[in-house]
Amino acid sequence: MIDIKLIRENPDFVQRSLEKRNDTFAVGEILELDVSYRKSLQRQEQFRAQHKKMSKQMSNPSERSPELTLEMRRLGNEISALQEETSKTRSDLEASLLTLPNIPHESVPLGNDASDNTVVRTWGEPKTFPFEPLPHWELGEKLNIIDFQRGVKLSGSRFYVLKGWGAHLQRSLISFMLDTHVRDHGYREIYPPFMVKRECLVGSGNLPKFGDNLYHDKEEDYWFIPTAEVPLTNFHRDEILDAEDLPLSYVAYSTCFRREKMTAGKDTRGIKRGHQFDKVELYKFTRPENSDEDLEKLTADAEDICQRLGLTYRVVQLCTGDLGFASRKTYDIELWAPGCNEWLEVSSCSNCGDFQARRANVRYRPEPGARTQFVHTLNGSGVALPRLLIAILENYQQANGTVLIPEALAPYMELRQG
RNA sequence: GGAGGGAUCGCAUAGUGGUCUAGUGCGGCCGCCUGCUAAGCGGUUACCCCGAGAAAUUGGGGUCGAGGGUUCGAAUCCCUCUCCCUCCGCCA
């Protein structure tokens, strides 16, 4: 959420910044709501103060009178009418504020869409093969480790089953990534709930605008997380963190659930885009002055996974038009997949500034006795699984149709299975 | 799912309709005293919103798990919900 005070004091800046996202937003409307909210709030508080004084008089039996009682009743009615008006305006204002995306960081390059993103760096070279490399869906079926038909039988389109060595590989990757981030990058491991309350999705920025991409149990009002970023953002909701604990770095494995109904027909081949996938997520709560630097660190931590696995990747900086709703600055990490011949997004590392912290009300106290302030939050996959699996299968395939195990995974793959 | 008990300013607790501007103890912080430490003494100790001010500050309002109701007036009475505890049922 954008600070209403910033909008109030600098509406042109906010308007101009949001326009960089190549979309339009009702900043003027919000300003009007803000004015009328504060006007009716002030009137209400004035009446309340008066009412309070009279009430004090009433507490003394000798000052009680039928006239005073009557007057207070009248005032009381007036206050509740005003109260209704005030809270209506306030919730309208809040609802509007919740639909505004974050303000892009001034360093983010201008652009309309993904085609304006810029490659920041590339690690490794796209691998060349003395034979025609197969796409993972063919490798998966040949090796009998990915079962598309049974996935559809069990759950419908965009579901698949990993079998034997394939399932084992995924499980090993999860352990490898968690171990690496905990042992070598200083993150604390979290196992979060995969179903959360509505307000968690509001805190992370998925609601109210993007509900159509989420699975929801209406009976119990549980929401299935589209990423572990959601429970992690809300882990410290309504808390005031100790300044000396910052930055707090968390790593969480979770399954993720997404409807993906807008892209029916696209990316249907293979395991690139499903309704359910696994992911290891990195998350940081930082002091505002450190968040830019911490984004570089977090991105490097995700990149390190790709490097240890010997996979070619590139880091792409998103332009203003392609930035996610909650993000002010984002780097995507894309792995090269020689079989399907494309760069696969396996991580999106974002600095959300105080946007999510404001929504989830996560604060800290910079100095003892100082006013509380919102922290900055960062997130990024470290990294997403099906696509990592794709990259390993396609990069490590051999002429005879087998797939080698990356050296870093060897300790995790000692169990032999078909 | 059933029955009962509970939720108060970091922690513990008091408060059963107006004097609550929520008391007290502990802990924390500041100061005094003091060879040192402990003790003692004094002060201080939440969060949010609106207004004034360049600022330090300052005026007002709100918050006793959440929301509604009764009343001139609610921490206190009534209703609904959430969470926690005990027991029963059911399970991994």
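Sequence lines set the chain letters: A, B, ... in the order given, protein chains first and strands last, and positions in each chain run from 1. All heavy atoms count here, side chains included; hydrogens, waters and symmetry mates do not.
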Mind checking the [atom1] distance from [N] to [M]? Whole angstroms is fine.
N: rG31(B); M: rG73(B); atom1: C1'; result: 42 Å
N: rC33(B); M: rG53(B); atom1: C1'; result: 40 Å
N: rU45(B); M: rC9(B); atom1: C1'; result: 10 Å
N: rU8(B); M: rG69(B); atom1: P; result: 25 Å
N: rU34(B); M: rG40(B); atom1: C1'; result: 10 Å
N: rC64(B); M: rA22(B); atom1: C1'; result: 8 Å
N: rA74(B); M: rU19(B); atom1: P; result: 11 Å
N: rA3(B); M: rA92(B); atom1: P; result: 25 Å

Rounded distance (Å) that lies between atom [atom2] of [N] and atom [atom1] of [X]:
X: E9(A); N: rA54(B); atom1: CD; atom2: P; answer: 13 Å
X: I79(A); N: rG73(B); atom1: CD1; atom2: P; answer: 9 Å
X: L41(A); N: rG60(B); atom1: CG; atom2: C1'; answer: 10 Å
X: Q373(A); N: rC48(B); atom1: CD; atom2: P; answer: 12 Å
X: Q44(A); N: rG51(B); atom1: CD; atom2: P; answer: 14 Å
X: Q42(A); N: rC50(B); atom1: CD; atom2: P; answer: 10 Å
X: Q46(A); N: rG51(B); atom1: CD; atom2: C1'; answer: 11 Å
X: R363(A); N: rC49(B); atom1: CZ; atom2: C1'; answer: 12 Å

Nearest-neighbour nucleotide for the [X] side chain, [options] considered:
X: R8(A); options: rC48(B), rG73(B), rC50(B); answer: rC50(B)
X: R365(A); options: rC48(B), rG51(B), rA46(B); answer: rA46(B)
X: R371(A); options: rC50(B), rG73(B), rC49(B); answer: rC49(B)
X: Y37(A); options: rC49(B), rC72(B), rG62(B); answer: rC49(B)
X: K56(A); options: rC48(B), rC50(B), rU21(B); answer: rU21(B)
X: R64(A); options: rC47(B), rC50(B), rG18(B); answer: rG18(B)
X: R48(A); options: rG51(B), rG62(B), rG18(B); answer: rG62(B)
X: R38(A); options: rG18(B), rU21(B), rC50(B); answer: rC50(B)
X: T372(A); options: rG60(B), rC47(B), rC50(B); answer: rC47(B)
X: K52(A); options: rG18(B), rG62(B), rG51(B); answer: rG62(B)

Original post:
Is the base of rG60(B) touched by the side chain of E45(A) through a donor-acceptor pair closer than 3.5 angstrom?
Top reply: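 When only heavy-atom distances are counted, E45(A) does reach the base of rG60(B) through a donor-acceptor pair under 3.5 Å.
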Does [N] have a Watson-Crick or wobble mate here (both distances under 3.5 Å), and if so which one?
N: rG25(B); answer: rC11(B)
N: rA74(B); answer: none
N: rG1(B); answer: rC88(B)
N: rU57(B); answer: rA52(B)
N: rC20(B); answer: none
N: rC47(B); answer: rG62(B)
N: rA39(B); answer: none

Taking the basic N atoms (NZ, or NE/NH1/NH2) and the acidic carboxylate oxygens, is any pair closer than 4.0 Å for [X] and [Y]?
X: E260(A); Y: R158(A); result: no
X: R90(A); Y: E94(A); result: yes
X: R308(A); Y: D304(A); result: yes
X: R16(A); Y: E19(A); result: no

Ignoring hydrogens and angles, write down the donor-acceptor pairs under 3.5 Å from the side chains of residues 242-250 of chain A, residues two or more places apart or on other chains.
unit_1, atom_1, unit_2, atom_2, d
S249(A), OG, K284(A), NZ, 3.2
Y250(A), OH, H236(A), NE2, 2.7

Original post:
Which sits closer to the 5' end of RNA chain B, T69(A) or I4(A), going by the nucleotide each is nearest to?
Top reply: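 Comparing both residues, the 5'-ward one is I4(A).
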Original post:
For A49(A) and S59(A), take the nucleotide of RNA chain B holding the closest heavy atom to each; which residue's nucleotide lies nearer the 5' end?
Top reply: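 Whichever sits nearer the 5' end wins; that is S59(A).
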**OP:** State whether R43(A) places a side-chain N or O below 4.0 Å from either non-bridging phosphate oxygen (OP1 or OP2) of rG61(B).
**Re:**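 No, outside the criterion.
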**OP:** Would you please classify the geometry between the H185(A) ring and the H181(A) ring as parallel, tilted or perpendicular, with 30° and 60° separating the classes?
**Re:**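 Because their plane-to-plane angle lies in the 30° to 60° range, the rings of H181(A) and H185(A) count as tilted.
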Subject >> Exceeds 12 heavy-atom contacts within 6.0 angstrom, atom CD of E296(A) >> reply: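 Enclosed.
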Original post:
So does R287(A) have more than 12 non-hydrogen atoms from other groups sitting under 6.0 Å from CZ?
Top reply: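 Correct, the count exceeds 12.
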Original post:
Using a cut-off of 4.0 Å on non-hydrogen atoms, how would the nucleic acid contact of K39(A) be classed: base, sugar-phosphate, or nothing?
Top reply: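 Nothing: the residue K39(A), judged by heavy atoms under 4.0 Å, touches no strand.
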Original post:
Base, sugar-phosphate, or nothing for R358(A), non-hydrogen atoms under 4.0 angstrom?
Top reply: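 No contact at all - R358(A) keeps every heavy atom at 4.0 Å or more from the nucleic acid.
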